[in-house]
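In what follows, a structure is listed as structure tokens, so that the remarks can point back to it.
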Amino acid sequence: MDATKGPEDVATVDVHAAKDLLGSGHSYLDVRTVEEFNKSHIEKALNVPYMFITQQGRVKNPHFLAQVEAICQKDDHLVVGCNSGGRSLRASVDLLKAGYEHVTNMGGGYSAWVDSGLAGGDKPADELKTACKFRP
């Protein structure tokens, strides 16, 4: 555990660099809500929500690290993404603090992935993106 890790310690790449990393064996960890993930997501993505939407507002998933540990090893190469980049940055910091060694944040999130034409498929881009925006 390294409690000194912060946002400045997270490597953030754009969606094209993220696509290259995914093509070279990295896993994609999507930290959006299950509802967002089910609407549309990157092929072979793993989904562990970083936050939940409750009647009280947004709440951090108290089991986030345990759920990631159940499907990812500490030495796995992970690209972390959300909808716009905020949640994934915070999730990346938590993962680094927990001892994950190879964590990369996808800047701009899934919205930027769709805007860059990487989502493919036959749905219009507006249908792929979610309206709910999380801001730090």
From CA spacing to verdict: side-chain contact (heavy atoms from CB on, under 4.5 Å), Arg90, Met51: CA-CA 10 Å; Arg90 287 176 290 191; Met51 299 186 104; 4.3 Å; yes
For His77, side chain to side chain contact (heavy atoms under 4.5 Å, CB included) partners two or more places apart: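 So His77 forms a side chain to side chain contact (heavy atoms under 4.5 Å, CB included) with His26, His102.
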Partner residues of Tyr100 under the ring-ring contact (aromatic ring centres under 6.0 Å, His included) criterion, sequence neighbours left out: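 With sequence neighbours excluded, Tyr100 shows a ring-ring contact (aromatic ring centres under 6.0 Å, His included) to no residue whatsoever.
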Test ring-ring contact (aromatic ring centres under 6.0 Å, His included) applied to Tyr28 - qualifying residues, sequence neighbours left out: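 Not a single residue meets the ring-ring contact (aromatic ring centres under 6.0 Å, His included) criterion with Tyr28.
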side-chain contact (heavy atoms from CB on, under 4.5 Å) assessment of Val48 paired with Ile71: CA-CA 10 Å; Val48 179; Ile71 57 174; 3.7 Å; yes
Side chains of [X] and [Y], heavy atoms from C-beta outward: is any pair under 4.5 Å?
X: Leu29; Y: Leu95; result: yes
X: Lys39; Y: Arg32; result: no
X: Leu78; Y: Thr104; result: no
X: Ile42; Y: Trp113; result: yes

Exercise: identify the closest heavy-atom pair between [X] and [Y]:
X: Pro49; Y: Phe64; value: O-CD1, 3.5 Å
X: Ser27; Y: Leu22; value: C-CD2, 3.9 Å
X: Gly107; Y: Ala112; value: O-CB, 4.2 Å
X: Arg87; Y: Cys82; value: N-SG, 3.6 Å

Side-chain donor or acceptor of [X] paired with backbone N/O of [Y] under 3.5 Å:
X: Thr54; Y: Gln56; answer: yes
X: Lys74; Y: Ala98; answer: yes
X: Asn47; Y: Asp30; answer: yes

Greater than 12 external heavy atoms within 6.0 Å of Glu8's CD: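 Above 12, so yes.
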Non-neighbouring partners of Glu101 that pass salt bridge (charged side-chain N to carboxylate O under 4.0 Å, His left out), sequence neighbours left out: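 None.
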Partner set under salt bridge (charged side-chain N to carboxylate O under 4.0 Å, His left out) for Asp76, not counting sequence neighbours: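 With sequence neighbours excluded, Asp76 shows a salt bridge (charged side-chain N to carboxylate O under 4.0 Å, His left out) to no residue whatsoever.
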Check against side-chain contact (heavy atoms from CB on, under 4.5 Å), Asp94 and Leu96: CA-CA 6 Å; Asp94 286 1; Leu96 289 172; over 6 Å; no
Short side-chain donor-acceptor distance under 3.5 Å, Tyr110 and Ser84: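 Short answer, no.
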Using residues 9-17 as the side-chain source, report each donor-acceptor pair under 3.5 Å to any protein atom, sequence neighbours left out, with the distance given to one decimal.
{"from": "Asp9", "atom 1": "OD2", "to": "Gly6", "atom 2": "N", "distance (Å)": "2.8"}
{"from": "Thr12", "atom 1": "OG1", "to": "Asn105", "atom 2": "ND2", "distance (Å)": "3.3"}
{"from": "Asp14", "atom 1": "OD1", "to": "His16", "atom 2": "N", "distance (Å)": "3.1"}
{"from": "Asp14", "atom 1": "OD1", "to": "Ala17", "atom 2": "N", "distance (Å)": "2.8"}

Residues that Asn61 engages under side-chain hydrogen bond (donor to acceptor under 3.5 Å, both in side chains), provided they are two or more places apart: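 With neighbours one apart ignored, the set is Gln67.
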Rounded distance (nearest 0.5 Å) linking atom OG of Ser92 with atom CE of Met106: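 Between atom OG of Ser92 and atom CE of Met106 there are 11.0 Å.
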